[in-house]
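Accompanying notes for the structure given below.
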Amino acid sequence: MGALVIRGIRNFNVENRAEREISKIKPSLAPRHPSTSNLLQEQISHYPEIKGEIARKDDKLLSFLKDVYVDSKDPVSSLQVKAAETCQEPKEFRLPKGHQFDMINMKSIPKGKISVVEALTLLNNHKLYPETWTAEKIVQEYQLEKKDVNSLLKYFVTFEVKIFTPEDKKAIQSK
């Protein structure tokens, strides 16, 4: 019931309101900044031919504009796009490394990606045994890109807890 009332109010006198909007005076140019208008007046007074150049239509440019031809094609319908999405090639997957952690939801991992557990494992292995767990070995083991592995080893470190003995605590002076 409310839609009927709203529709009636919205459509009331619509033709007269549209005619009134169409017949309004079109907006004029935005006002110029006072300093700019002074400079423009000064340039026009020095060079009066500029005013004529501004108002003059250039036939050569108009002919160029008439020669422009635009050929457009309709966009691809969404049904065709959805059909193309369903025909994607299957991605390559690999099984996760190490099953010591509870990975119930982890069935397979896309090649070029690693899980959080694997990232922590490889970072810790590299930290503990850097001569055996080099970037090249990590690339081969986890099927990653070399630049990604180098960035991972450069910018990420695992959490490390250091426990100080009472003698070390005395050596550290508070500020």
Notebook entry, point to check: Do side-chain atoms of Thr134 reach the backbone of Glu131 as a donor and acceptor pair under 3.5 angstrom?
Noted result: no
Checklist line | Contact check, side chains of Pro110 and Lys113, non-hydrogen atoms, under 4.5 Å | finding: yes
Check: Just wondering, do Val149 and Leu122 contact through their side chains at under 4.5 Å, heavy atoms?
Finding: no
Next item on the list: Count the heavy atoms of every other residue, nucleotide or ligand shown that sit under 6.0 Å from CD of Glu15, and state whether that count exceeds 12.
Entry: no
Margin query: Heavy-atom count check: over 12 atoms from other residues, nucleotides or ligands less than 6.0 Å from Lys146 NZ?
Written below: yes
Next item on the list: List the atom of Ser63, the atom of Lys60, and the distance in Å for their closest heavy-atom pair.
Entry: OG-O, 2.6 Å
Notebook entry, point to check: Is there a path from Ile22 to Val14 through hydrophobic residues (I, L, V, M, F, W, Y) whose side chains come within less than 4.5 Å of each other?
Noted result: no
Next item on the list: Working to the nearest 0.5 Å, report the span between CD of Glu21 and NZ of Lys24.
Entry: 3.5 Å
Notebook entry, point to check: Hey, any chance Leu123 and Tyr129 share a hydrophobic cluster, counting ILVMFWY side chains that come within less than 4.5 Å of each other, even indirectly?
Noted result: yes
Item checked: Over all atoms of both residues, closest heavy-atom pair of His126 and Trp133 -> ND1-O, 2.7 Å
Next item on the list: Supply the atom-to-atom distance Glu141 CD to Asn125 CG, rounded to the nearest 0.5 angstrom.
Entry: 9.5 Å
Note to self: Are there over 12 heavy-atom neighbours, none belonging to Lys26, within less than 6.0 Å of that residue's NZ?
What the structure shows: yes
Note to self: Which heavy atom of Phe12 sits nearest to which heavy atom of Arg17, and what is that distance?
What the structure shows: O-NH2, 3.0 Å
Checklist line | Main-chain N/O of Val5 paired to Arg10 side chain as donor or acceptor, under 3.5 Å | finding: no
Checklist line | Heavy-atom check, side chain of Ile114 versus side chain of Leu152, under 4.5 Å | finding: yes
Notebook entry, point to check: Going from CG on Asp59 to NZ on Lys66, what distance comes out if it is rounded to the nearest 0.5 angstrom?
Noted result: 8.0 Å
Next item on the list: Establish whether Leu120 and Leu144 are linked, either directly or via other cluster members, by ILVMFWY side-chain heavy-atom contacts under 4.5 Å.
Entry: no
Next item on the list: Check for a donor-acceptor pair, side chain of Asn38 on one end and backbone N or O of Pro34 on the other, with a separation under 3.5 Å.
Entry: yes
Note to self: Using side-chain heavy atoms (C-beta onward) and a distance below 4.5 Å, is Leu62 in contact with Phe64?
What the structure shows: no
Item checked: CZ on Phe156 to NZ on Lys127, rounded to 0.5 Å -> 15.0 Å
Checklist line | Spatial distance of atom CD1 (Ile44) from atom CD (Glu49) [nearest 0.5 Å] | finding: 11.0 Å
Note to self: Could you report the tightest heavy-atom contact between Asn13 and Asn16, atom names first, then the distance?
What the structure shows: OD1-ND2, 2.6 Å
Margin query: Is there a path of hydrophobic side-chain contacts, each under 4.5 Å between heavy atoms, that joins Leu39 and Tyr47?
Written below: no
Next item on the list: Please check if Val139 and Tyr155 belong to a single hydrophobic cluster, counting links between Ile, Leu, Val, Met, Phe, Trp and Tyr side chain heavy atoms closer than 4.5 Å.
Entry: yes
